[in-house]
Amino acid sequence: MGSQNLHVDGDGLACPDVRAWAETKYRLLALYDELFSTGMKNKWDQRIYIDLYAGAGYSHVSGTGTFLKGSPIIALTVANPFDKYIFCEEDEQLLDSLKLRVHRIAPQANVEYIPGSCDTNISEICSAIPKGSASNKVLSLCLVDPFDFGIKFETLRRLSTVFIDFVVLLAVGMDANRNYDHYVEGQSTKIDDALGNTKWRERWKAVGVRKGELRQFLALESSMSMESLGYIKQPLDRMKLVRSDEKNLPLYYLALFSRHQTAYKYWDDVLKYSTDQTSLWE
């Protein structure tokens with residue numbers, strides 16, 4: 001399918017560098033986007049795709065000549081396209097490049113662009129989602145793919161007032177472990193904001209586990225936070241752990257949060273055909 005043909009030619013537009021393991025993430029997203037968009041096509045009147053950190057649409061694998069589709073282009077090229085796309089991006093140059101690529105690759109798509117931070121502009125993002133009704137059932141799929149553990153739980157809470165599923169990258173291996181002293185012992189509120197509470201430090205200290213287990217702890221705390229919004233709590237083995245290619249280091253979890261088991265049937269298909277380092281297509 002088109003979304004799963006990830007490799008593209010460079011086109012001279014802005015293209016952020018990523019590491020080689022990003023391809024694993026993109027392949028998992030491509031499979032889930034296909035399953036979701038097709039499976040929900042005849043069950044909902046409108047399917048909306050939201051990307052809170054949309055980027056430029058293409059990525060370049062650092063140190064190589066390889067270019068990959070980014071999440072917006074992957075979602076635009078599924079076999080059964082979504083009825084509307086909402087792309088938010090803070091970097092003006094990346095957003096301009098994304099617009100040009102979308103116009104070239106999917107000129108007929110219904111796309112709304114939200115410039116700036118998704119947290120600052122959450123009201124505008126919420127307003128861009130079509131209003132659902134008894135005669136117009138609307139389901140959204142939101143990708144939350146920040147560069148670090150910089151998610152704002154309040155942003156997800158605002159979005160959760162409608163029928164919406166989330167695929168979230170939890171950068172707990174890359175960011176949280178690297179900045180352990182700053183986040184756990186210091187005055188930083190970054191994890192407080194990501195989890196939507198300040199009690200996690202007490203629970204972490206009460207558990208009394210090793211510093212190296214903060215990754216698993218924060219992933220489960222994130223699941224608990226989503227559970228408070230009515231989402232089905234997810235154990236670690238229902239999250240996809242992505243590791244680095246060079247040293248096999250744990251980098252982040254890719255997690256699905258839905259209020260309905262149907263979505264997890266699709267997610268289980270994604271997990272079934274993947275491991276921590278390889279995917280179905282490799």
If we count only N and O atoms by modelled type, under 3.5 Å, do the side chains of [X] and [Y] hold a donor and an acceptor together?
X: Ser123; Y: Arg158; answer: yes
X: Thr155; Y: Asp119; answer: yes
X: Thr38; Y: Asn80; answer: yes
X: Glu23; Y: His7; answer: yes
X: Asn110; Y: Lys84; answer: no
X: Lys69; Y: Tyr26; answer: no
X: Tyr252; Y: Arg215; answer: no

Indicate the atoms forming the closest heavy-atom contact of [X] with [Y], along with that distance.
X: Gly150; Y: Tyr53; answer: O-OH, 4.0 Å
X: His103; Y: Pro107; answer: O-CB, 3.3 Å
X: Cys88; Y: Gly116; answer: SG-O, 3.2 Å
X: Leu94; Y: Ala14; answer: CD2-CB, 4.1 Å

For this session: Run the salt-bridge test on Arg259 and Asp165 with the 4.0 Å N-O cut-off and return the result as yes or no.
Result: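 Between Asp165 and Arg259 there is no salt bridge, as every charged N stays at least 4.0 Å from the carboxylate O atoms.
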
Taking [Y] as the starting point, is it possible to reach [X] by hopping between hydrophobic residues whose side chains are less than 4.5 Å apart?
X: Leu256; Y: Leu271; result: yes
X: Tyr32; Y: Trp44; result: yes
X: Val18; Y: Leu249; result: no

Exercise. Between Phe87 and Tyr113, what is the ring plane arrangement, given parallel below 30°, perpendicular above 60°, and tilted in between?
Worked result: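 Answer is tilted, since the angle falls between 30° and 60°.
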
For this session: Could you tell me how the ring of Phe36 sits relative to the ring of Phe82: parallel (under 30°), tilted (30 to 60°) or perpendicular (over 60°)?
Result: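 Taking Phe82 first and then Phe36, their aromatic rings lie parallel (interplane angle under 30°).
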
Measure the spacing between [atom1] of [X] and [atom2] of [Y] and express it to the nearest 0.5 Å.
X: Leu100; Y: Asp11; atom1: CG; atom2: CG; answer: 8.5 Å
X: Ile50; Y: Leu52; atom1: CD1; atom2: CG; answer: 7.0 Å
X: Ile73; Y: Arg101; atom1: CD1; atom2: CZ; answer: 7.5 Å
X: Met224; Y: Glu221; atom1: CE; atom2: CD; answer: 5.0 Å
X: Cys118; Y: Asn121; atom1: SG; atom2: CG; answer: 8.5 Å
X: Tyr266; Y: Ser37; atom1: OH; atom2: OG; answer: 9.5 Å

Exercise. Would Phe166 and Phe257 count as a ring-ring contact (aromatic ring centres under 6.0 Å, His included) if you check the C-alpha gap in whole Å, the side-chain angles of each, and the deciding distance to 0.1 Å?
Worked result: CA-CA 5 Å; Phe166 294 95; Phe257 295 106; 7.9 Å; no

Check: [Y] and [X] side chains under 4.5 Å, non-hydrogen atoms:
X: Ile232; Y: Glu227; answer: no
X: Ser160; Y: Leu156; answer: no
X: Lys43; Y: Thr262; answer: yes
X: Tyr49; Y: Asp33; answer: yes
X: Val138; Y: Ile48; answer: yes
X: Glu124; Y: Ser127; answer: no
X: Tyr231; Y: Ser223; answer: no
X: Asp192; Y: Asn197; answer: no

For this session: Under the side-chain hydrogen bond (donor to acceptor under 3.5 Å, both in side chains) rule, what do Asp51 and Ser71 come out as? Steps first, then yes or no, please.
Result: CA-CA 8 Å; Asp51 198 328; Ser71 53; 2.6 Å; yes

In this structure, are over 12 heavy atoms from other groups packed under 6.0 Å from [X] atom [atom1]?
X: Asp237; atom1: CG; result: yes
X: Tyr264; atom1: OH; result: yes
X: Glu154; atom1: CD; result: yes

For this session: Tell me, with the steps shown, if Phe67 and Cys15 meet side-chain contact (heavy atoms from CB on, under 4.5 Å).
Result: CA-CA 9 Å; Phe67 292 86; Cys15 195; 3.7 Å; yes

Exercise. After noting the C-alpha distance and the side-chain angles of Glu213 and Val207, does the key distance pass the side-chain contact (heavy atoms from CB on, under 4.5 Å) rule?
Worked result: CA-CA 10 Å; Glu213 296 178 24; Val207 171; over 6 Å; no

Exercise. Can you list the steps and then say if Ile164 with Leu141 is a side-chain contact (heavy atoms from CB on, under 4.5 Å)?
Worked result: CA-CA 6 Å; Ile164 188 169; Leu141 175 63; over 6 Å; no

Problem set entry | Side-chain (Ser97) to main-chain (Gln93) donor-acceptor, under 3.5 angstrom |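 Yes, Ser97 side chain to Gln93 backbone: donor-acceptor pair under 3.5 Å.
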
Exercise. Can you list the steps and then say if Arg201 with Trp204 is a side-chain contact (heavy atoms from CB on, under 4.5 Å)?
Worked result: CA-CA 5 Å; Arg201 285 187 181 85; Trp204 169 247; 5.5 Å; no

For this session: Determine, stepwise, if the pair Asp83 / Arg47 fulfils salt bridge (Lys or Arg N to Asp or Glu O under 4.0 Å).
Result: CA-CA 5 Å; Asp83 298 289; Arg47 295 153 300 132; 3.5 Å; yes

